[in-house]
Participant: 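Sending over a structure as structure tokens; questions will come in a sec.
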Amino acid sequence: MSPLRNSRVLIDHSALKHNFQCVKQLAPDSKVMPVIKADAYGHGMADVAMQLDQADAYAVAMLGEAVALREAGVSKPIVVFHGYEDMEQLQQMAHLQLQPAIHHLSQLQLLESYSGAGLDVWLKIDTGMHRLGIALEQVDDYVAKLSRHPSINGFSMMSHFANADVPDNSLNTAQIENMLKANNTVGAECSLANSAAVCALSNSHLDWVRPGIMLYGASPLTGVSAESLGLQPVMRFESRLISVQHLHADDAIGYGSSWRCPQDMAIGIVPVGYGDGYPRHASNGTPVAVNGVRTSLIGRVSMDSLYVDIRGMDAEVGDPVELWGDTVPVDEVAQSAATIAYELLCAAGNTSR
Ligand SMILES: *Cc1c(COP(=O)(O)O)cnc(C)c1O
């Protein structure tokens, strides 16, 4: 454990590789770029890249992340979703053989005044999410300019789903149609599918899939468990009991006295809180495992501690606690805290790992 923390996050490499194989089985005809932005959703970016050595490329959000991967010795193609913001970054990307996404006119203009080492780029188009990407009507103009640019070795096209976690949402079909229409006369390699689409929208797989969350063993689909998709949890967030208190019926615990003992009972104190990336909004009843047995969080989560119900458990100081992992799916904790597993993995991984 880190000398600064009582909790730790363990990463299961074999589960990570298993989940990658799930992607390969679901999308056998597509190349795979694992999405390892945000320090691989808290799992350790360089480490995850090394483990997923069957990847065809890797994807990150920012230049700094891609630089760190090159410094760690990663030599495969790296796609940078946000692209570059100035000429210096563009030159650095070419120098490191990174593949920027071009999603804005300002980037095209920088490219037009660039004449250096050749590079491959991704044209990011807005098919309906309205986050990053050029409008469909502009695709022909961009394609013409990229095609005749002497420093562009080649380009591919990408877009991102807004609602793939709900597979029958009508926007999904519209986004797929828009993507195919945009590429109709271009014939570039295309990428559209995130994890949810890898699992549930096989007609969106195209040339490249971009899975993130499913590699880390959480479910990309609303209302569907990771286990039922054959995914294995990769991160285990663990700690131990540092105190056991024997309380009386009606004793109130924690800030706001929000939970009262319904009977004489024992509670355990776990030295993990929102300062460690555990969600403060986790409600009473959020699953936690003590000695491998599921029980419930009670009371309000503090900065560096939380309470668990250990009635009938015979638990002692020093006993192991799993905040999420094999026994407690991170998706269940996320649901109890009104958030998504993405946020919890990033928060715990980036503070406790
Ligand atoms: C984060 C991200 C992904 C991965 O999404 P998951 O839902 O984690 O699979 C794919 N593409 C883009 C553009 C992203 O930003």
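Order of listing sets the numbers, starting from 1, for every ligand and every atom in it. Keep in mind that what you see is a predicted model, and the values were worked out from it rather than measured.
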Participant: Is the number of heavy atoms from other residues, nucleotides or ligands under 6.0 Å of Q138 CD greater than 12?
Facilitator: yes
Participant: What pairs meet the side chain to side chain donor-acceptor pair (under 3.5 Å) rule with one or both residues in residues 297-311, with sequence neighbours excluded?
Facilitator: Q263-R311, D309-R311
Participant: Does any N or O in the side chain of Y84 come within less than 3.5 Å of the main-chain N or O of Q107, such that one atom is a donor and the other an acceptor?
Facilitator: yes
Participant: Not counting sequence neighbours, list each pair that qualifies as a side chain to side chain donor-acceptor pair (under 3.5 Å) and has a residue in residues 173-184.
Facilitator: T127-Q175
Participant: Apply side-chain hydrogen bond (donor to acceptor under 3.5 Å, both in side chains) to the pair R210 and H160, showing each step before the final yes or no.
Facilitator: CA-CA 10 Å; R210 307 190 307 269; H160 194 50; 3.1 Å; yes
Participant: Name the residues with a heavy atom less than 4.0 Å from ligand 1?
Facilitator: V35, K37, Y41, F81, K124, R131, H160, N194, S195, R210, P211, G212, I213, Y342
Participant: Which residues pass the side chain to side chain donor-acceptor pair (under 3.5 Å) test with D326, sequence neighbours left out?
Facilitator: none
